[in-house]
Amino acid sequence: MPTPDPRPKAADLLVWYDRHRRVLPWRALPGETPDPYRVWLSEVMLQQTTIAAVKPYFARFLERFPTLQALALAPEETVMSTWAGLGYYSRARNLHACAKAVAAAGGFPDDAKGLRRLPGIGAYTAGAIAAIAFDRQEAAVDGNVERVVTRLFAIETPLPAARPAIRALTQDLVPADRPGDFAQAVMDLGATICTVKRPACALCPWMAPCQARALGLQETFPRKVKKVPGVLRRGAAFVAIRGGDEAVLLRTRPAEGLLGAMAEPPTSEWTADYDPARALLDAPLDARWRRLPGIVHHGFTHFPLDLTVFLARVGLGTVAPEGMRFTPRRDLAEEPLPGVMKKVLAHAFDPKPEAPKAPRGRPKKPPAAAPLLDEPEPPEPEPAPRLRPVPKPLPRVIAATEPDDETSEAPPAHNAAPRKRSVAKRPASRKR
DNA sequence: AAAACGTGGCT
DNA sequence: TAGCCAAGTTT
């Protein structure tokens with residue numbers, strides 16, 4: 001009785017890969033030699049990040065930093081601002097540090113062990129670069145591979161406890177021949193066939209040896225412990241706009257931690273019990289602060305955040321407080337502003353009303369989102385700066401139930417990153 | 001070793 | 001809609 005060998009064969013996957021491999025900007029075509037710089041750059045960008053999100057950033061980085069040396073020599077802030085919007089900013093800091101180290105060493109280490117020592121390169125990335133760029137027989141275990149392998153072997157242990165076992169099983173599958181293609185093949189398989197929902201088992205080169213498929217349980221793997229959602233935190237953001245060039249008061253966050261080394265308008269502390277009514281005690285400078293209607297909502301990996309935005313127009317002579325700066329609106333693109341802070345600025349320049357209790361009358365289309373941090377194309381005439389004598393009254397809130405019309409028609413500033421709006425506003429029931 | 005660390009897209 | 005997930009790493 002011929003019992004089918006349950007062991008997946010690398011060769012079967014490679015045959016599939018040769019026909020169905022995806023074409024990606026950082027991937028060498030058959031016959032081409034992979035460029036370690038591109039492989040490394042793409043792998044770091046792809047950590048916890050989708051291909052669609054990475055593509056434009058990858059292109060922009062190669063444009064600005066064509067070589068590893070160029071990246072190593074670039075100012076930190078340029079690297080951070082080019083990365084702004086991609087998320088997980090420690091990656092950008094480590095990327096820069098890694099570039100300097102590798103440039104100084106004269107090139108990348110050509111094995112996983114050496115790569116693993118570099119900043120921002122963990123087990124997955126070291127294996128991926130070693131296999132793809134240096135033809136080493138190493139496994140590259142990412143989320144795709146975890147899914148494929150837990151299904152192949154019907155691993156009941158939930159993630160993350162199953163990781164060591166998954167890694168060992170994967171390493172055993174890596175062929176001596178074409179290990180780089182194998183690594184990319186498993187990921188392609190996971191991304192296009194062995195998907196989270198409704199895997200296309202009928203098209204899978206590894207259907208026969210797949211134990212989960214044999215049980216009809218393929219969609220139930222990998223098992224995982226469900227994570228607890230974080231507690232909502234609240235805070236206030238203070239957007240001070242100086243007359244004339246409409247410069248915005250900004251500061252740089254501490255080098256480490258949440259949004260480390262990124263820029264932001266000053267904000268209060270973010271805590272579960274923050275009271276926006278007392279926010280002015282946290283204002284960065286004395287001015288006529290107005291509390292804008294609406295709330296900026298943002299979701300971090302480990303907690304959701306609600307920010308109340310305060311706006312003030314200050315006089316030309318206003319001096320930025322210690323450690324802060326006024327950045328002209330047209331220069332905002334050079335600032336490493338993370339997504340959440342772009343939302344805050346967008347809200348300050350174009351406030352959205354707080355979501356009323358869903359009036360079921362069909363909601364009117366949201367007003368064409370005033371481009372805020374966008375292309376600078378239309379070089380519109382400078383509006384006469386409305387100077388306001390630098391009054392130094394005690395901070396007070398100007399009852400603001402209405403949007404600040406003075407700010408709503410400000411010129412768009414350039415910004416490289418994709419824009420998004422998730423300011424509290426009625427979720428216009430958009431049915432297609 | 002558990003928790004921190006962004007953002008956008010899809011269901 | 002609210003959660004889940006994406007070519008993970010660091011402390």
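Below, read A as the first sequence line, B as the second, and so on, with proteins coming before strands; counting in each chain starts at 1.
- Legend: residues meeting salt bridge (Lys or Arg N to Asp or Glu O under 4.0 Å) with A:Asp135, ordered by chain and number and at least two apart, are absent.
- Partners of A:Phe134 under the ring pair (Phe, Tyr, Trp, His ring centres under 6.0 Å) rule, at least two apart in sequence or in another chain, do not exist in this structure.
- A salt bridge links A:Arg163 and A:Glu146; the closest N-O separation between the charged side-chain nitrogens and carboxylate oxygens is under 4.0 Å.
- Among the protein residues, A:Thr125 comes within range of the sugar-phosphate backbone only, with heavy atoms under 4.0 Å from sugar or phosphate atoms but none that close to a base.
- Side-chain atoms of A:Arg22 and base atoms of C:dA7 include a donor and an acceptor less than 3.5 Å apart.
- Taking the nucleotide of DNA chain C with the nearest heavy atom to each of A:Gln48 and A:Lys224, the more 5' of the two is matched to A:Lys224.
- Among residues at least two apart or in separate chains, ring-ring contact (aromatic ring centres under 6.0 Å, His included) pairs with a member in residues 90-113 of chain A are A:Trp40-A:Phe108.
- When the nucleotides C:dA7, B:dT7, C:dT10 are ranked by their closest atom to the side chain of A:Glu43, C:dA7 comes out on top.
- Backbone-only engagement by A:Arg147 is indicated by non-hydrogen atom pairs under 4.0 Å involving sugar-phosphate atoms exclusively.
- Residue A:Tyr88 places a side-chain atom within donor-acceptor reach of the base of B:dG6, judged by atom type and a 3.5 Å distance cut-off alone.
- Near DNA chain B, meaning a heavy atom under 4.0 Å away, the residues from residues 248-273 of chain A are A:Gly257, A:Leu258, A:Leu259.
- Cation-pi check for A:Arg60 over A:Tyr57 is met; the charged atom lies under 6.0 angstrom from the ring centroid and within 45 degrees of its normal.
- A straight line from CZ of A:Phe300 to C1' of B:dC5 spans 9 Å, rounded to a whole angstrom.
- The ring-ring contact (aromatic ring centres under 6.0 Å, His included) analysis of residues 201-242 of chain A, with sequence neighbours excluded, yields the pairs A:Phe238-A:Trp289, A:Phe238-A:Phe310.
- At the heavy-atom level, A:Trp83 lies nowhere under 4.0 Å from the strands shown.
- Comparing C:dT10, B:dC5, C:dG8 by their closest approach to the side chain of A:Thr301 singles out B:dC5.
- Look at CZ on A:Arg27: it is 11 Å from P on C:dA7, rounded to the nearest Å.
- Between A:Arg116 atom CZ and C:dG8 atom C1' the separation is 10 Å, expressed in whole Å.
- Near DNA chain C, meaning a heavy atom under 4.0 Å away, the residues from residues 167-192 of chain A are A:Met187.
- One interatomic measurement links the two molecules: OH of A:Tyr124 to P of C:dT10, which rounds to 14 Å at whole-angstrom precision.
- Between A:Arg7 and A:Asp12 there is no salt bridge, since none of the side-chain N atoms of the basic residue sits less than 4.0 Å from a carboxylate O of the acidic one.
- Rounded to an integer number of Å, the gap from OH of A:Tyr57 to P of C:dA7 is 18 Å.
- Taking the salt bridge (Lys or Arg N to Asp or Glu O under 4.0 Å) definition, one finds that A:Arg278 meets it with A:Asp275, sequence neighbours left out.
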Going through the distances and angles, do A:Lys197 and A:Glu219 end up as a salt bridge (charged side-chain N to carboxylate O under 4.0 Å, His left out)?
CA-CA 6 Å; A:Lys197 307 256 181 74; A:Glu219 280 194 49; over 6 Å; no
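- Judged by atom type and distance alone, A:Thr49 reaches the base of B:dG6 through a side-chain donor-acceptor pair under 3.5 Å.
- Residues passing the ring pair (Phe, Tyr, Trp, His ring centres under 6.0 Å) test with A:Tyr17, sequence neighbours excluded: none.
- Across all strands shown, A:Leu24 has heavy atoms under 4.0 Å from base atoms, whether or not it also approaches the sugar-phosphate.
- A heavy-atom distance below 4.5 Å is found between the side chains of A:Gln171 and A:Glu138.
- Of the candidates C:dA7, C:dA6, B:dT7, the closest approach to any side-chain atom of A:Pro338 belongs to B:dT7.
- In this structure, A:Arg242 satisfies the cation-pi test against A:Phe326, with its NZ or CZ atom closer than 6.0 Å to the six-membered ring centre and inside 45 degrees of the ring normal.
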Just the atom pairs and distances: protein N or O near nucleotides 9-11 of chain B's N or O, under 3.5 Å.
none

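- As rounded to the nearest Å, B:dA1 and C:dT11 have C1' atoms that lie 10 Å from one another.
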Report all interatomic pairs (protein N or O, nucleotide N or O of nucleotides 1-3 of chain B) with separations under 3.5 Å.
none

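- In this structure, CG in A:Asp188 is found 4.0 Å from CZ in A:Arg22, a value given to the nearest 0.5 Å.
- The distance from atom CZ of A:Arg233 to atom P of B:dG6 is 12 Å, rounded to the nearest whole Å.
- Taking the P atom of each, C:dA7 and B:dT11 are spaced 15 Å apart, rounded to whole Å.
- Rounded to whole angstrom, the span from the CZ atom of A:Arg163 across to the C1' atom of C:dA7 amounts to 13 Å.
- Ion pairing between A:Asp110 and A:Arg136 holds under the 4.0 Å rule for side-chain N and carboxylate O.
- Taking every heavy atom of residues 11-19 of chain A and every atom of DNA chain C, no pair lies under 4.0 Å.
- When rounded to the nearest whole Å, the span between NE2 of A:His302 and P of C:dC5 equals 19 Å.
- Listed by chain and residue number, nothing satisfies the ring pair (Phe, Tyr, Trp, His ring centres under 6.0 Å) test with A:His302 (two or more places apart in sequence, or in another chain).
- Across all strands shown, A:Leu86 has heavy atoms under 4.0 Å from base atoms, whether or not it also approaches the sugar-phosphate.
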